Amino acid sequence: MPFSSTPSSARRSHPITVHWRQEARTIRLDVPEGEYILRSFEQQGEPLPFSCRNGCCTACAVRVIAGEIDQRESLGLSREVRRKGYGLLCVARALGPLEVETQDEDEVYELQFGRHFGRGKVRPGLPLDEE
Ligand code: FES
């Protein structure tokens with residue numbers, strides 16, 4: 001039986017545009033379908049902000065301007081924040097054309113946790129448990 005795997009060079013690629021607001025740069029690269037966007041940008045010489053690389057810390061969070069983002073592995077984002085149009089590039093795979101912009105410092109962290117700190121409303125468990 002012949003081996004029928006598609007070589008990575010023959011896979012479809014999708015244009016991914018990142019508006020890196022803090023650097024005042026727009027980067028547009030083609031990312032092979034199914035590959036992690038952050039890693040593909042790094043491999044193409046365009047490293048973007050990150051920390052954990054596991055979908056937990058939100059350092060790589062972006063706002064989606066156009067297109068669809070794969071959210072399956074975004075453990076660090078609550079459903080509410082995902083519904084608001086945020087995604088994590090370290091665990092986002094290219095599905096199709098996508099345009100995103102980087103978040104303001106701690107923007108996603110504040111959206112998820114800010115309401116729970118400094119207001120006397122801290123309760124056991126993570127806010128993510130409330131979903
Ligand atoms: S680098 Fe931590 S969530 Fe992406």
Side-chain angles (χ1 to χ4, degrees):
M1 191 159 139
F3 183 67
S4 63
S5 172
T6 304
S8 62
S9 61
R11 274 189 285 165
R12 270 175 18 155
S13 289
H14 302 290
I16 309 294
T17 303
V18 176
H19 300 285
W20 191 349
R21 296 164 57 228
Q22 294 78 5
E23 298 284 318
R25 296 179 60 208
T26 294
I27 307 166
R28 183 181 177 276
L29 294 172
D30 288 332
V31 175
E33 188 164 293
E35 287 200 8
Y36 291 122
I37 293 169
L38 184 81
R39 184 164 52 201
S40 182
F41 269 56
E42 288 171 344
Q43 289 171 343
Q44 296 182 63
E46 292 288 0
L48 296 167
F50 73 92
S51 184
C52 73
R53 308 179 74 94
N54 288 315
C56 295
C57 73
T58 72
C60 66
V62 291
R63 273 189 298 269
V64 177
I65 297 171
E68 198 179 329
I69 197 163
D70 182 340
Q71 297 281 8
R72 275 178 291 169
E73 298 170 65
S74 294
L75 301 175
L77 291 183
S78 67
R79 283 192 198 120
E80 180 185 348
V81 171
R82 281 183 257 160
R83 270 195 299 271
K84 287 180 177 174
Y86 291 88
L88 301 175
L89 288 187
C90 69
V91 291
R93 297 173 193 268
L95 297 173
L98 179 70
E99 182 177 6
V100 300
E101 64 178 0
T102 56
Q103 64 169 331
D104 292 327
E105 186 177 352
D106 295 333
E107 180 179 338
V108 167
Y109 183 88
E110 286 294 324
L111 278 171
Q112 294 195 120
F113 303 111
R115 65 195 157 107
H116 296 277
F117 292 107
R119 295 185 187 143
K121 295 179 180 175
V122 178
R123 295 187 311 249
L126 292 171
L128 302 176
D129 294 337
E130 295 173 4
E131 297 181 337

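As the structure is a computational prediction, the values presented were derived from the model and not from experiment. As the structure lists them, so they are numbered: ligands from 1, and atoms in each ligand from 1.
Salt bridge absent: Glu33 and Arg11 never bring a charged side-chain N and a carboxylate O closer than 4.0 Å.
Look at Gly76 and you'll find every heavy atom at least 4.0 Å from all atoms of ligand 1.
Close contacts between ligand 1 and Thr58 involve ligand atoms 2 (Fe), 3 (S) [criterion: under 4.0 Å to a heavy atom]. Atoms of ligand 1 found under 4.0 Å from any heavy atom of Arg53 (numbered from 1 in listed order, with element): 1 (S), 2 (Fe). For ligand 1, the atoms closer than 4.0 angstrom to any heavy atom of Gly55 are 3 (S). Of all the atoms in ligand 1, the ones that sit under 4.0 Å from a non-hydrogen atom of Ser51 are 1 (S).
A side chain to side chain donor-acceptor pair (under 3.5 Å) with His19 is found for exactly one of Glu99, Arg63, Arg28, Glu101, namely Glu99.
Counted within 6.0 Å of CD on Glu23, heavy atoms from surrounding residues, nucleotides or ligands total more than 12; the atom is thus considered enclosed.
When all heavy atoms of Gly76 and Leu88 are compared, the closest pair comes out as N-CD1, 4.2 Å.
Phe41 and Val64 fall within the same hydrophobic cluster, where Ile, Leu, Val, Met, Phe, Trp and Tyr residues are linked whenever their side-chain heavy atoms come under 4.5 Å apart, directly or through other members.
Here Cys56 fails the criterion, with no N, O or S atom under 2.8 Å of atom 4 (Fe) of ligand 1. With a cut-off of 2.8 Å, atom 2 (Fe) of ligand 1 has an N, O or S atom of Cys52 in range. Residue contact annotation: Cys57 places no N/O/S atom under 2.8 Å from atom 4 (Fe) of ligand 1.
Contact annotation: for Leu38 versus ligand 1, there are no heavy atoms closer than 4.0 Å.
In this structure, Leu48 and Ile27 have side chains that are in contact, with non-hydrogen atoms separated by less than 4.5 Å. Side-chain contact between Leu89 and Val18: present, with at least one pair of heavy atoms (C-beta onward) separated by less than 4.5 Å.
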